[in-house]
Amino acid sequence: MRPPYFLLPILSLTSALPATSPSSSEVTLPLVIWHGLGDNYAADGLTDIARFAEETNPGTLVYIIRLGTDPSSDRTATFFGNLTLQISQVCADLATHQILSTAPAVNALGFSQGGQFLRAYVERCNVPPVRNLVTFGSQHNGIARYENCGPTDWVCKGAFALLRGNTWSAFVQSRLVPAQYYRTVEEYTGLPTKEYLEHSNFLADMNNEREVKNETYAENIARLNRFVMYLFEEDTTVVPKESGWFAEVNGTTGDVLPLRNRTIYTEDWLGLKRLDEKGGLIFETTEGGHMSLSDELLENVFRDHFGPVKMVEVLSGDKRLLQGTGQEVMEL
Ligand SMILES: *[C@@H]1O[C@H](CO)[C@@H](O)[C@H](O)[C@H]1NC(C)=O
Ligand SMILES: *[C@@H]1O[C@H](CO)[C@@H](O)[C@H](O)[C@H]1NC(C)=O
Ligand SMILES: *[C@@H]1O[C@H](CO)[C@@H](O)[C@H](O)[C@H]1NC(C)=O
Ligand SMILES: *[C@@H]1O[C@H](CO)[C@@H](O)[C@H](O)[C@H]1NC(C)=O
């Protein structure tokens with residue numbers, strides 16, 4: 001196992017950097033992965049991805065988020081639970097993890113619903129702070145329709161059986177995970193419904209859609225170095241798939257209102273505009289249906305976004321900076 005980050009030697013630096021004669025050393029940041037609905041931390045696909053991330057950027061510590069002590073309870077927690085509590089459990093787990101807690105920053109990779117949950121981690125906690133956040137097929141603007149369960153997936157069926165109650169009831173909102181990112185809009189205005197704004201236990205808050213905005217959420221998002229959102233071109237699981245790009249879709253006409261045209265962006269409720277203005281908001285597509293991930297795609301993502309960074313100690317001004325392979329820096 002690698003030593004805690006604060007034990008890494010500070011090497012002297014030869015390349016051109018700020019005029020304050022800094023010193024630096026290169027580190028590979030840990031990678032935190034949050035899996036999707038119906039998956040579990042020990043699933044083969046995930047362990048393969050973790051190994052592949054380590055091979056691509058040697059020295060990467062990969063931490064797969066878990067909400068249960070065994071794979072089965074971790075899977076159950078993707079369907080059942082109160083997201084407020086789930087997010088705070090993950091915040092506590094990362095903040096107290098022996099190695100992660102000593103890292104200057106981490107990178108984060110979210111699959112499907114894990115993507116918006118990692119964004120929630122950034123907004124609410126962000127200790128250790130996330131440098132680059134990459135999400136695949138996530139539901140950043142929520143879902144307009146629930147997914148179907150597999151024919152023998154009894155845990156899934158049991159979870160959705162809760163919908164015999166109203167989506168907006170406290171009973172459902174505190175128990176069914178996808179209900180907490182379900183989003184409804186008014187048929188004529190396209191504005192979020194009153195029920196959603198009042199009762200959504202997760203999304204309405206995380207997207208700062210209520211009247212009172214939480215400035216911490218926006219500051220934390222704006223502080224990211226990069227937020228990369230991948231959309232699967234033939235995604236039929238997520239409705240609408242453009243939620244992966246934080247877009248709004250008219251359910252009747254199918255017209256897409258891109259994020260940059262939406263009030264959430266123009267009024268910068270979430271810091272996305274600030275992030276975009278420094279070049280950190282990236283929209284990507286990839287072919288195939290929901291979660292079709294090729295090795296080639298993953299390798300490119302690992303190289304482009306999770307590669308080594310230079311830790312730069314800027315001596316004057318008492319600032320610590322993290323510099324990537326380009327000139328972009330992130331203040332710690
Ligand atoms: C905003 O979010 C932060 C982080 O979760 C929290 O500590 C703070 O209480 C929230 N502020 C308001 C006004 O709700
Ligand atoms: C979820 O848990 C939080 C924290 O305990 C609580 O404040 C909130 O009311 C719960 N949500 C629902 C819908 O019950
Ligand atoms: C969808 O588009 C139609 C046609 O332009 C419009 O009448 C309707 O109000 C729109 N609905 C929403 C929810 O924006
Ligand atoms: C989004 O904004 C751009 C630039 O202001 C504009 O050209 C475009 O028509 C808008 N798109 C939609 C769907 O409103």
Side-chain angles (χ1 to χ4, degrees), residues 67-68 76-93 95 113 116-117 119-121 123-125 139-146 159-210 212 214 216-217 229 231 238-270 272-277 279 281-283 285:
L67 279 155
T76 300
T78 68
F79 294 102
F80 287 103
N82 175 335
L83 280 169
T84 311
L85 300 173
Q86 292 194 348
I87 306 287
S88 53
Q89 185 187 326
V90 169
C91 289
D93 288 350
Q113 70 178 12
Q116 63 263 29
F117 301 166
R119 177 164 61 81
Y121 164 83
E123 293 177 30
R124 290 218 176 122
C125 309
Q139 298 89 42
H140 291 296
N141 199 48
I143 48 170
R145 207 175 73 196
Y146 291 109
F160 284 100
L162 296 172
L163 285 173
R164 278 195 289 262
N166 179 332
T167 281
W168 304 121
S169 66
F171 180 80
V172 171
Q173 285 294 315
S174 61
R175 285 173 180 81
L176 177 63
V177 168
Q180 296 163 66
Y181 55 84
Y182 189 79
R183 186 171 181 273
T184 47
V185 295
E186 299 290 352
E187 200 180 334
Y188 295 108
T189 60
L191 295 171
T193 59
K194 199 163 155 276
E195 290 91 342
Y196 164 76
L197 289 176
E198 266 175 32
H199 303 294
S200 167
N201 189 52
F202 175 77
L203 198 72
D205 180 64
M206 289 334 306
N207 288 1
N208 254 344
E209 289 184 275
R210 298 194 170 112
V212 180
N214 188 317
T216 305
Y217 292 177
M229 294 180 276
L231 180 76
V238 175
V239 180
K241 67 175 186 214
E242 291 81 3
S243 191
W245 272 6
F246 240 126
E248 175 93 64
V249 179
N250 181 315
T252 314
T253 62
D255 290 345
V256 178
L257 188 64
L259 172 63
R260 289 185 179 120
N261 294 61
R262 301 183 57 202
T263 321
I264 188 176
Y265 176 94
T266 55
E267 292 185 359
D268 210 19
W269 297 347
L270 269 189
L272 292 165
K273 188 168 183 229
R274 272 168 270 173
L275 182 60
D276 199 17
E277 279 161 0
L281 188 63
I282 300 169
F283 301 84
T285 55

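Because the structure is a prediction, the values reported are computed rather than measured. Counting convention: from 1, in listed order, for ligands and their atoms alike.
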TODO: Please determine if Q173 has a nitrogen or oxygen closer than 3.5 Å to a nitrogen or oxygen of ligand 2.
DONE: no
TODO: Flag T84 as yes when one of its N or O atoms lies below 3.5 Å from any N or O atom of ligand 2, and as no otherwise.
DONE: no
Can you confirm whether some protein heavy atom lies under 4.0 Å from [atom], or whether none does?
atom                    : result
atom 7 (O) of ligand 4  : no
atom 14 (O) of ligand 4 : yes
atom 11 (N) of ligand 3 : yes
atom 2 (O) of ligand 4  : yes

- [ ] Say whether R262 and N141, considering side chains only, have a donor N or O and an acceptor N or O under 3.5 Å apart.
- [x] yes
Task: R210, CZ atom: more than 12 neighbouring heavy atoms under 6.0 Å - done: yes
- [ ] Distance to 0.1 Å, residue and atom name: give those for the protein heavy atom nearest to atom 9 (O) of ligand 4.
- [x] N261 ND2, 4.7 Å
Task: Identity and distance of the protein heavy atom lying nearest atom 5 (O) of ligand 2 - done: L85 CD2, 3.6 Å
Open item on the list: For the 3.5 Å polar cut-off, considering only N or O atoms, please tell me whether E186 and ligand 3 meet it.
Closed with: no
Task: F202 and I87, any side-chain heavy atoms less than 4.5 Å apart - done: yes
- [ ] Kindly give the heavy-atom pair with the smallest separation between A247 and V256, and that separation in Å.
- [x] CB-CG1, 3.8 Å
Task: Parallel, tilted or perpendicular: ring planes of Y146 versus F160, cut at 30 and 60 degrees - done: perpendicular
Task: T252 touching ligand 3 at heavy-atom level, < 4.0 angstrom - done: no
Open item on the list: Checking contacts here: is it the side chain or the backbone of D255 that comes within 4.0 Å of ligand 4, counting heavy atoms only? Could be both or neither.
Closed with: neither
Task: Residue selection (non-hydrogen contact nearest atom 4 (C) of ligand 3) among T189, L191, T253, V249 - done: T253
TODO: Determine the sole option in R119, E123, Q116 for which the side chain to side chain donor-acceptor pair (under 3.5 Å) test with N207 is passed.
DONE: R119
Open item on the list: Taking side chain to side chain donor-acceptor pair (under 3.5 Å) as the criterion, tell me which of D205, T84, T216 meets it with R124.
Closed with: D205
Would you mind running through ligand 3 and noting each atom that sits below 4.0 Å from a heavy atom of [X]?
X    : result
E187 : 8 (C), 9 (O), 11 (N), 12 (C), 13 (C)
N250 : 1 (C), 2 (O), 3 (C), 8 (C), 10 (C), 11 (N), 12 (C), 14 (O)
Y188 : 9 (O)

Task: Spacing of OG1 belonging to T167 relative to CG belonging to L176, to within rounding of 0.5 Å - done: 7.5 Å
Task: Distance filter under 4.0 Å to N82 heavy atoms, resulting ligand 2 atoms - done: 1 (C), 2 (O), 3 (C), 8 (C), 10 (C), 11 (N), 12 (C)
TODO: Please assess Y182 against Y196 for the test side-chain contact (heavy atoms from CB on, under 4.5 Å), listing each intermediate value before the final yes or no.
DONE: CA-CA 8 Å; Y182 189 79; Y196 164 76; over 6 Å; no
- [ ] Verify, without hydrogens or angle tests, whether S200 (side chain) and L197 (backbone) share a donor-acceptor contact under 3.5 angstrom.
- [x] no
